[in-house]
*Asks:* 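Before I ask anything, here is the structure I am working with.
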Amino acid sequence: MPVVLLRQTIILASLLLLAACDENQIARAKGYVERLTSGFLDQAGAEVSADRAPIAVSAFLPEPNYAPSRSPTDAAELTDGKLERPPLWVRDGGVGWFGQTPVVIDLQRRDGADSVSGRVRVHAGLGRYAGTELPRQIDVYSHNTKGQARLVGSYREPAGLMPPDKKSYWIEIPVRDLGHRFSLALHAGSAYVQIDEIEFVPGEVARALAAAEPFDAPDLQAIRDDAAAQLRLNFEIRAADRSDSRERWREAIGTGQVAWVAGAWDDKPGQWGPEVLVGAPAQLQFAGLDSETEIAAIGVYSTGMGLSEVSVSIDGVPAGALQLFQVGRVMTADGELVYDPLKPLQDGKLQVQAGWPELLWVQADLSKLPAGRTQATLTLKGTALEQRFPLQFTVLPDSDFAPAALDAKVWAYSRDLPLWSDPAQTMADLLAHHVNVWVIHPSDIPGLNLDGKSDNKAQQRFLADLVRYKGHGKVHLYLGWTGKDNPFGITPSQTQIPPARANAFRTWLSRIDDLLRDAGYAPQDWALYPMDEISGEETRVFREVALLIRETLPSAQIYANPISTSSDPTTVAQLQALEELVDQWQPVSKLYHSAVGSYFDDSNVAQGFFHIPDVPAKAASPMQDYRVLGWHAWQRGANAIGFWAYSDATGSSVWDDFDGRRPDFAVVYEQGSGLVSSRRWEAFAQGIEDHRLLAGSGLAVPADFDAASLTPEMLSRWRARALKRGAETAAPE
């Protein structure tokens with residue numbers, strides 16, 4: 001029998017929000033409590049149902065895009081009665097999406113009844129080893145003849161669900177009043193949605209979602225938007241219950257407010273309890289070079305009710321030396337409220353929401369402070385709080401250090417909206433955070449089809465990018481070709497480039513070289529980036545393209561960022577076959593830190609790495625996913641670091657993980673005519689400054705040093721050692 005995995009939520013969680021909600025939100029909140037009892041996960045069912053009704057897929061939004069299982073017959077495969085087993089995502093019978101959520105599938109019942117009850121069942125595969133999870137939520141919508149739809153059933157994965165891996169499961173949703181046309185909205189549990197069968201089994205059901213109000217649904221995007229809003233509201237209601245946190249704090253401090261020196265880079269400030277008060281530092285310390293920005297934080301907690309204000313003032317430092325921010329909370333696609341955006345403090349007031357730890361971010365520009373030591377004071381004043389914190393600044397001249405060069409690349413495409421709405425402002429932000437490698441998107445490079453046709457608009461965008469990046473580092477021309485999709489018509493099994501295609505490429509590359517020279521770029525200022533994230537057999541295609549580049553323009557530099565997949569792993573032999581052709585290796589961090597990664601240390605080619613945080617990126621660790629990258633570079637002697645991505649928001653608002661085709665990777669937020677930074681973005685810049693300090697001090701990397709285990713305490717100790725060594729080296733004899 002199906003195993004019931006969804007529990008009724010704490011009703012208090014919804015009641016806490018009712019006072020601040022409109023009538024529509026209240027109705028949704030009540031429905032949320034009911035819906036948690038309506039979904040099932042069938043761990044035992046291994047076959048299709050004998051009494052299933054005939055149904056057919058009529059449309060997708062978006063179309064399936066996961067290449068290993070994509071085929072023209074995907075729609076038919078979802079209702080053909082044939083089940084696949086994991087890894088169904090690499091089988092023809094599977095249907096998959098990558099980087100898309102929610103996915104909407106439109107279906108038609110082919111039986112006679114206008115409205116029926118029963119069970120909608122979705123067969124999905126679980127492969128944590130391959131990065132694919134079961135859908136976290138599935139919503140069922142029934143359509144009427146008036147162009148309206150309403151929610152009639154829902155499944156939601158509970159927190160802590162851990163069914164056995166490498167298995168397939170039926171997800172079952174009881175429904176009533178299902179019309180001839182119905183739609184499923186599947187919310188991704190990872191970067192992938194992977195299913196292979198949908199069925200409807202008519203019959204009476206003991207429990208189903210209460211009837212919902214119909215809404216206008218002229219297209220599938222309306223279904224997608226409503227499903228995303230449902231998911232977000234559910235998460236917000238669940239996050240609203242802070243009763244356990246408030247009770248623990250009241251037991252420790254009574255009723256009132258308290259402040260303490262806090263960890264700026266802690267992963268989960270929302271989970272802080274009164275134990276953070278024990279052993280908290282007595283003062284905020286800032287130590288570094290006069291070219292650095294240093295950061296500290298203060299936590300504030302109120303056990304009362306509602307919202308209050310705390311005034312913040314600073315005495316003893318020059319104007320402009322310190323900036324104050326409040327770390328905001330933002331909902332991720334996983335349903336977690338994370339501390340990420342850095343909102344400038346308005347009128348020196350920190351907004352304190354009772355029941356939530358608040359984080360005051362203190363950012364010091366050491367270039368505006370005198371060398372040596374400076375003392376200052378930060379004062380907090382509220383209705384139930386008055387507290388002073390000593391500040392100590394220790395500043396050394398950057399000229400005493402000789403840091404090694406470090407390339408920093410964050411895939412900041414100038415076409416990414418909304419964050420490039422003001423290109424000058426965005427460039428200033430990137431430069432302030434030490435970015436010095438720029439990627440030009442394939443859509444902004446003319447002639448990539450090698451058809452000889454002029455593309456004046458693309459050429460104008462290309463030249464505009466070249467002007468924008470001139471003098472600010474290196475430029476990588478991302479060509480966007482793949483092992484299966486390239487203008488040569490070659491594949492991993494057929495790599496011979498036709499002579500006509502080779503000649504077309506030679507003409508194109510000569511033209512691009514002329515444009516770069518006319519724009520003032522020397523050969524060392526740019527590189528060709530033919531294919532993204534090559535893996536396994538795809539390296540054969542990359543090699544043929546690279547050979548043609550070398551033959552055509554020997555001075556051109558070639559960049560490669562290999563990965564390794566479970567279905568097509570990358571080997572040392574495959575990398576060695578490219579070594580004479582590649583000028584810069586920048587593999588993904590998982591490959592760089594794997595057993596294969598030792599190849600890069602021994603290679604004669606410049607080497608670095610890039611990182612992709614897990615989805616949703618807003619929930620990534622500022623320390624382990626961003627700041628530690630500079631430390632890994634110091635440990636391995638790498639010359640390049642980076643991450644995906646600075647401005648990737650799929651054209652939607654960065655504040656909302658639910659309004660685009662997938663969660664946002666961007667590390668800054670749009671706000672009017674400005675940009676709002678984040679803890680993650682500042683952590684990356686801090687990691688670059690750490691690398692400059694460590695490498696410039698001449699400190700040797702100990703054999704037992706492991707950047708992966710770096711803690712804030714270790715970080716402070718190593719920085720202190722580097723500062724001390726640099727000062728001693730610079731001291732006159």
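Bear in mind the structure is a predicted one, so any value in this text is a computation, not a measurement.
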*Asks:* For Asn436 and His472, which I'm curious about, is there any donor-acceptor pair between the side chains at under 3.5 Å?
*Replies:*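 Absent: no donor and acceptor within the cut-off.
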*Asks:* Looking at residues at least two apart in the chain, or sitting in another chain, which of them share a ring pair (Phe, Tyr, Trp, His ring centres under 6.0 Å) with His476?
*Replies:* Tyr559
*Asks:* Taking the ring centre of each residue, are His593 and His632 less than 6.0 Å apart?
*Replies:* yes
*Asks:* Is any side-chain N of the basic residue among Arg550 and Asp583 closer than 4.0 Å to the acidic one's carboxylate O?
*Replies:*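 Salt bridge between Arg550 and Asp583, a charged N being under 4.0 Å from a carboxylate O: yes.
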*Asks:* Tell me, do Asn486 and Val545 make a side-chain contact under 4.5 Å, heavy atoms counted?
*Replies:*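 No - every pair of side-chain heavy atoms lies 4.5 Å or more apart.
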*Asks:* Do you know which of Leu548, Leu578, Val582 makes side chain to side chain contact (heavy atoms under 4.5 Å, CB included) with Arg543?
*Replies:*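 For Arg543, the side chain to side chain contact (heavy atoms under 4.5 Å, CB included) test succeeds with only one of Leu548, Leu578, Val582, which is Leu578.
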*Asks:* Where the side chain of Gln586 meets the backbone of Phe609, is there a donor-acceptor pair that is under 3.5 Å apart?
*Replies:* yes
*Asks:* Atom CG of Asn65 and atom CZ of Phe60: how far apart are they, to the nearest 0.5 Å?
*Replies:*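 Answer rounded to 0.5 Å: 11.5 Å.
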*Asks:* Dump the intermediate steps for side chain to side chain contact (heavy atoms under 4.5 Å, CB included) on Leu419 and Tyr669, then the final yes or no.
*Replies:* CA-CA 7 Å; Leu419 296 175; Tyr669 298 79; 5.8 Å; no
*Asks:* Ignoring hydrogens, what is the shortest heavy-atom contact between His123 and Glu84? Give both atom names and the distance.
*Replies:*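 Heavy-atom minimum between the residues: CE1-O, 3.4 Å.
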*Asks:* Donor-acceptor check, side chain of Gln194 to backbone of Gly125, threshold 3.5 angstrom: yes or no?
*Replies:* no
*Asks:* Determine, stepwise, if the pair Asp625 / Arg680 fulfils salt bridge (charged side-chain N to carboxylate O under 4.0 Å, His left out).
*Replies:* CA-CA 8 Å; Asp625 287 293; Arg680 294 171 294 140; over 6 Å; no
*Asks:* In a check of salt bridge (charged side-chain N to carboxylate O under 4.0 Å, His left out) between Lys618 and each of Asp334, Asp664, Asp340, which one passes?
*Replies:* Asp664
*Asks:* Could you tell me whether a side-chain N or O of Thr482 sits under 3.5 Å from a main-chain N or O of Asp485, the two making a donor and an acceptor?
*Replies:*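 Side chain of Thr482 to backbone of Asp485: a pair is present.
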*Asks:* Would the distance check show the side chain of Gln557 and the main-chain N or O of Leu528 forming a donor-acceptor pair, the cut-off being under 3.5 Å?
*Replies:*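 Pair absent, no side-chain N/O of Gln557 close to backbone of Leu528.
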*Asks:* Of all heavy-atom pairs between Gly127 and Trp89, which one has the smallest distance, and what is that distance?
*Replies:* CA-CH2, 3.4 Å
*Asks:* Quick one about Glu77 and Ser71 (side-chain donor to acceptor, distance below 3.5 Å, no hydrogens or angles considered), yes or no?
*Replies:* yes
*Asks:* Given 3.5 Å as the limit, does a donor-acceptor pair link the side chain of Gln686 with the main chain of Thr293, or not?
*Replies:* yes
*Asks:* Go through the steps for Arg128 and Glu133 under the test salt bridge (charged side-chain N to carboxylate O under 4.0 Å, His left out), then give the verdict.
*Replies:* CA-CA 6 Å; Arg128 295 189 192 94; Glu133 297 278 354; 3.8 Å; yes
*Asks:* May I ask you to check whether over 12 heavy atoms, not counting those of Asp614, lie within 6.0 Å of atom CG?
*Replies:*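 No, because the 6.0 Å sphere around CG of Asp614 holds 12 heavy atoms or fewer from other groups.
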*Asks:* CG/Asp74 to OG/Ser69 distance, rounded to the nearest 0.5 angstrom?
*Replies:* 6.5 Å
*Asks:* Given side chain to side chain contact (heavy atoms under 4.5 Å, CB included), test Thr426 with Asp429 step by step and report yes or no.
*Replies:* CA-CA 5 Å; Thr426 306; Asp429 182 57; 5.5 Å; no
*Asks:* Could you state the interatomic distance from CG (Asp407) to CD (Gln584), rounded to the nearest 0.5 Å?
*Replies:*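 Here the interatomic distance stands at 6.0 Å.
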*Asks:* Name the one of Trp438, Tyr529, Trp411 that satisfies ring-ring contact (aromatic ring centres under 6.0 Å, His included) with Tyr478?
*Replies:* Tyr529
*Asks:* Using a strict 4.0 Å threshold on nitrogen-to-oxygen distance, state whether Arg662 and Asp648 make a salt bridge.
*Replies:*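 Answer for the salt bridge query: yes.
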*Asks:* Should Arg679 and Glu682 count as an ion pair when the cut-off is N to O under 4.0 Å?
*Replies:*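 Salt bridge between Arg679 and Glu682, a charged N being under 4.0 Å from a carboxylate O: no.
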*Asks:* Could you tell me whether the side chain of Glu670 and the main chain of Val654 form a donor-acceptor pair under 3.5 Å?
*Replies:*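 Pair found, side chain donor or acceptor close to backbone of Val654.
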*Asks:* Is there a side chain to side chain contact (heavy atoms under 4.5 Å, CB included) between Val668 and Val676? Walk through the geometry before answering.
*Replies:* CA-CA 6 Å; Val668 291; Val676 173; over 6 Å; no
*Asks:* Determine, stepwise, if the pair Asp416 / Tyr646 fulfils side chain to side chain contact (heavy atoms under 4.5 Å, CB included).
*Replies:* CA-CA 9 Å; Asp416 286 343; Tyr646 169 79; over 6 Å; no
*Asks:* Between the side chains of Thr332 and Asp657, is a donor N or O closer than 3.5 angstrom to an acceptor N or O?
*Replies:* no
*Asks:* Any side-chain donor-acceptor pair under 3.5 Å between Ser653 and Asp659?
*Replies:* no
*Asks:* Can you measure from CG (Leu466) to CG (Asp518) and round to the nearest 0.5 angstrom?
*Replies:*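 Interatomic distance, Leu466 CG to Asp518 CG, rounded to 0.5 Å: 10.5 Å.
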*Asks:* Ring centroid separation for Trp97 and Tyr66, is it under 6.0 angstrom?
*Replies:*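 No, they do not, as the ring centres are separated by 6.0 Å or more.
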*Asks:* What is the ring orientation for Trp681 with Phe643, classed by angle as parallel under 30°, tilted 30 to 60°, or perpendicular over 60°?
*Replies:*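 It falls in the perpendicular class, over 60°.
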*Asks:* Distance-only, no hydrogens or angles: does the Asn449 side chain make a donor-acceptor pair with backbone N or O of Asp451 under 3.5 Å?
*Replies:* no
*Asks:* Taking everything shown except Gln576 itself, do over 12 heavy atoms lie less than 6.0 Å from its CD?
*Replies:*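 Enclosed: over 12 neighbouring heavy atoms sit under 6.0 Å from CD of Gln576.
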*Asks:* Return yes if some donor-acceptor pair links the side-chain N/O of Gln624 with the main-chain N/O of Leu710 below 3.5 Å, else return no.
*Replies:*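 Answer holds: yes.
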*Asks:* Answer yes or no: is there a donor N or O on one side and an acceptor on the other, between the side chain of Gln100 and the main chain of Pro62, under 3.5 Å?
*Replies:* no
*Asks:* Partners of Phe705 by ring pair (Phe, Tyr, Trp, His ring centres under 6.0 Å), sequence neighbours excluded?
*Replies:*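 For Phe705 the ring pair (Phe, Tyr, Trp, His ring centres under 6.0 Å) partners, ignoring immediate neighbours, are Trp634, Trp718.
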*Asks:* Could you tell me whether Asp514 and Arg511 have a side-chain N and a carboxylate O separated by less than 4.0 Å?
*Replies:* no
*Asks:* On the ring face of Phe610, is Lys409 found with NZ or CZ under 6.0 Å from the centre and within 45° of the axis?
*Replies:* no
*Asks:* Can you name the nearest heavy-atom pair linking Ala638 to His691, along with the distance?
*Replies:* O-NE2, 4.2 Å
*Asks:* Taking the side chain from Thr507 and the backbone from Asn503, do they hold a donor-acceptor pair closer than 3.5 Å?
*Replies:* yes
*Asks:* Any Lys/Arg nitrogen of Arg627 or Asp690 sitting under 4.0 Å from an Asp/Glu carboxylate oxygen of the other?
*Replies:* yes
*Asks:* Testing the basics here: between Leu186 and Thr101, what is the closest heavy-atom pair and its distance to 0.1 Å?
*Replies:* O-OG1, 4.1 Å
*Asks:* Verify the distance criterion only: is there a donor paired with an acceptor across the side chains of Asp513 and Ser510 at less than 3.5 Å?
*Replies:* no
*Asks:* Centre-to-centre under 6.0 Å for Trp526 and Tyr521, is that the case here?
*Replies:* no
*Asks:* Please report the closest heavy-atom contact between Ala617 and Phe665, naming both atoms and the distance.
*Replies:* CB-CD2, 3.7 Å
*Asks:* Run Glu551 and Arg506 through salt bridge (charged side-chain N to carboxylate O under 4.0 Å, His left out) and show every step you take.
*Replies:* CA-CA 9 Å; Glu551 173 192 323; Arg506 293 186 184 102; 2.5 Å; yes
*Asks:* Which atom names give the shortest non-hydrogen contact between Asp165 and Leu126, and what distance separates them?
*Replies:*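 Shortest heavy-atom contact: OD1-O, 3.4 Å.
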*Asks:* For Phe488, what residues pass the ring pair (Phe, Tyr, Trp, His ring centres under 6.0 Å) criterion, not counting sequence neighbours?
*Replies:*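 With sequence neighbours excluded, Phe488 shows a ring pair (Phe, Tyr, Trp, His ring centres under 6.0 Å) to Trp481, Phe505, given in chain and number order.
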*Asks:* For atom CG of Asp532, is the number of surrounding heavy atoms from other residues, nucleotides or ligands below 6.0 Å larger than 12?
*Replies:*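 More than 12 heavy atoms, drawn from other residues, nucleotides or ligands, come within 6.0 Å of this atom.
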*Asks:* Around atom CD of Gln496, are there more than 12 heavy atoms of other residues, nucleotides or ligands at under 6.0 Å?
*Replies:* no
